[in-house]
2 protein chains.
Amino acid sequence: MPASSVPDTSIDLLLVDDHPMIVEGIRQMLLPETDLRVVAQANSGKQALELLATHPGLDVVLLDLSMPGMSGVELACAIRDNWPAIRVLALSMFHDHATVAEVLEAGGAGYVLKTASRAELSLAIRQVAAGRTYFSQDVADTLLQNRQITSSLEAADQPAITRREREILQLIAREHSNLEIAEALFISERTVETHRRNLLAKTKCKSMVGLIQYAIRHNLLS
Amino acid sequence: MPASSVPDTSIDLLLVDDHPMIVEGIRQMLLPETDLRVVAQANSGKQALELLATHPGLDVVLLDLSMPGMSGVELACAIRDNWPAIRVLALSMFHDHATVAEVLEAGGAGYVLKTASRAELSLAIRQVAAGRTYFSQDVADTLLQNRQITSSLEAADQPAITRREREILQLIAREHSNLEIAEALFISERTVETHRRNLLAKTKCKSMVGLIQYAIRHNLLS
DNA sequence: CAAAAAATACGTGGTAGCACGTAGGGTAAG
DNA sequence: CTTACCCTACGTGCTACCACGTATTTTTTG
């Protein structure tokens with residue numbers, strides 16, 4: 001029913017997830033929905049970009065957020081910048097507000113949890129394809145709990161973690177002390193402290209307890 | 001080819017995962033393998049136990065480790081104790097040695113990562129069904145790296161985290177201080193410190209940095 | 001080349017987290 | 001009833017983490 005620019009009324013999808021099992025599961029879940037066509041699937045952000053270049057007719061990209069290498073959020077930004085007409089639907093295990101906010105800032109049109117049923121998933125795809133948005137119930141609750149409209153505007157700048165910071169974060173996660181990290185990287189302990197401080201600021205965490213959770217959810221550890 | 005006690009040569013499977021997408025994905029991945037029959041699927045440990053009681057002919061249970069409520073490890077223990085003939089194949093995102101060791105202690109016959117391909121998964125199922133074991137390459141590496149045969153024998157006692165400890169762990173994860181937790185639970189700050197210490201001892205972590213990772217991997221947070 | 005960002009580094013100071021030891025009351029299991 | 005476990009609680013002391021301010025060198029980017 002919804003008017004679109006593609007010749008037929010079907011919705012063409014690209015699936016992106018590093019787990020073959022999940023890609024396969026989604027594909028098969030959507031098979032009975034005759035108006036939803038999975039025309040391509042990728043196991044990494046890099047591969048997804050290649051497929052986007054060779055598949056001009058895509059309507060919706062369904063992408064996992066936590067992937068090694070290029071994260072789902074980065075991929076979403078790339079899609080927003082290079083193929084603004086394509087709708088992005090995020091798929092994730094988690095629904096902390098930091099992650100949800102990042103997806104919104106990256107231009108995501110919807111956010112579905114991996115616990116979603118077939119019915120919910122296909123509904124979400126049709127909604128975003130029709131130009132609307134869709135959020136799983138738990139995700140919507142997260143958004144309502146923290147009415148931080150500020151974070152979607154102000155904090156939209158750059159929680160970009162640098163290579164060095166990430167390196168230090170990984171050593172922290174392995175329970176190394178500042179001194180140990182300093183000796184391992186041949187830098188001053190003060191420098192490690194500074195990196196630590198910058199990490200906390202960028203992730204808006206109060207301590208390592210929050211930072212580690214951020215790191216795991218964003219797949220920043222090995 | 002492998003001789004078995006079931007009338008025909010097919011392997012009867014129970015799938016357990018809280019994510020419908022993954023259950024569906026596995027089911028469809030195994031569909032072409034005519035000797036592997038998915039006869040039941042559950043979305044929780046509780047449901048799995050019910051299905052185990054009503055399906056006597058099961059050969060292999062393929063179960064996800066991180067599920068809300070009853071964890072995969074607990075379920076594996078229950079299967080080992082009540083249906084010792086059934087082979088358990090664990091399925092997980094992670095392969096840290098603590099988790100792998102727990103699965104072995106719980107009587108698991110194999111451990112496959114969620115990144116596994118169709119070929120690897122079906123091979124793993126046939127291996128465990130035939131009485132052998134199977135571990136994904138990364139998992140095997142983990143086992144070889146830490147030849148802590150001690151941990152499989154000595155530490156097999158009880159990293160059992162109590163209800164109260166888990167409650168405190170969740171508050172810690174929300175970045176609350178000892179004092180805040182004490183006030184919230186109407187107990188002394190000293191008591192919170194003791195719980196903290198016991199948590200570190202039971203999980204063999206050096207600090208909260210390690211404990212938080214343990215908690216996330218073991219699905220101990222909300 | 002100029003501007004911006006990243007990586008490096010120091011000082012001062014507070015306090016929360018953690019080590020280690022000890023112990024009494026409640027409750028469930030043998 | 002005894003044993004074991006959980007939850008509760010205190011004391012002492014150390015130090016790693018964190019807050020806040022500042023600044024130079026190197027690299028990247030426009």
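Every chain is numbered from 1, with letters handed out A, B, ... down the list of sequences.
One can place CG of B:L199 at 10 Å from P of D:dC7, the figure rounded to the nearest angstrom. Note: CD1 (A:I161) to C1' (C:dA5) measures 15 Å, nearest angstrom. Residue B:E165 contributes atom CD, which lies 8 Å from atom C1' of D:dC6 at whole-angstrom precision. The distance from atom CD of A:E175 to atom P of C:dG17 is 16 Å, rounded to the nearest whole Å. Between the CZ atom of A:R163 and the C1' atom of C:dA7 there is a distance of 12 Å, rounded to whole Å.
A salt bridge is defined here as a Lys NZ or Arg NE, NH1 or NH2 lying under 4.0 Å from an Asp or Glu carboxylate O, and B:E50 with B:K46 meets this definition. Salt bridge status for B:R164 with B:E167: present, with a side-chain N to carboxylate O gap under 4.0 Å.
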Using distance only, find each side-chain donor-acceptor pair of residues 129-136 of chain A under 3.5 Å and give its atom names and separation, not counting sequence neighbours.
from	atom 1	to	atom 2	distance (Å)
A:R132	NE	A:Q127	OE1	2.7
A:Y134	OH	A:E120	OE2	3.1
A:S136	OG	A:L113	N	3.2
A:S136	OG	A:E120	OE2	2.7

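Distance check: A:H19 NE2 to A:N43 CG gives 10.0 Å after rounding to the nearest 0.5 Å.
A side-chain hydrogen bond (donor to acceptor under 3.5 Å, both in side chains) with B:N178 is found for exactly one of B:R196, B:E183, B:R190, namely B:R196.
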* **Check against side-chain contact (heavy atoms from CB on, under 4.5 Å), B:I172 and B:H195** => CA-CA 11 Å; B:I172 291 172; B:H195 284 306; over 6 Å; no

* To do: Apply the test side-chain contact (heavy atoms from CB on, under 4.5 Å) to residues B:I26 and B:V38: give CA-CA distance (whole Å), side-chain angles for both, the deciding distance (0.1 Å), then the verdict.
  => CA-CA 9 Å; B:I26 296 171; B:V38 176; 5.8 Å; no

* Summary of protein contacts for nucleotides 8-18 of chain D, nucleotide by nucleotide, where a base hit scores B, a sugar-phosphate-only hit scores S (4.0 Å, heavy atoms) -> BBBBB----SS

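Remark on the helix from C:dA9-D:dT22 to C:dG24-D:dC7: inter-end axis angle 60°, axes from five-pair C1' superpositions, rounded to 10°.
With hydrogens and angles disregarded, a donor-acceptor distance shorter than 3.5 Å links the side chain of B:D59 to the backbone of B:D12.
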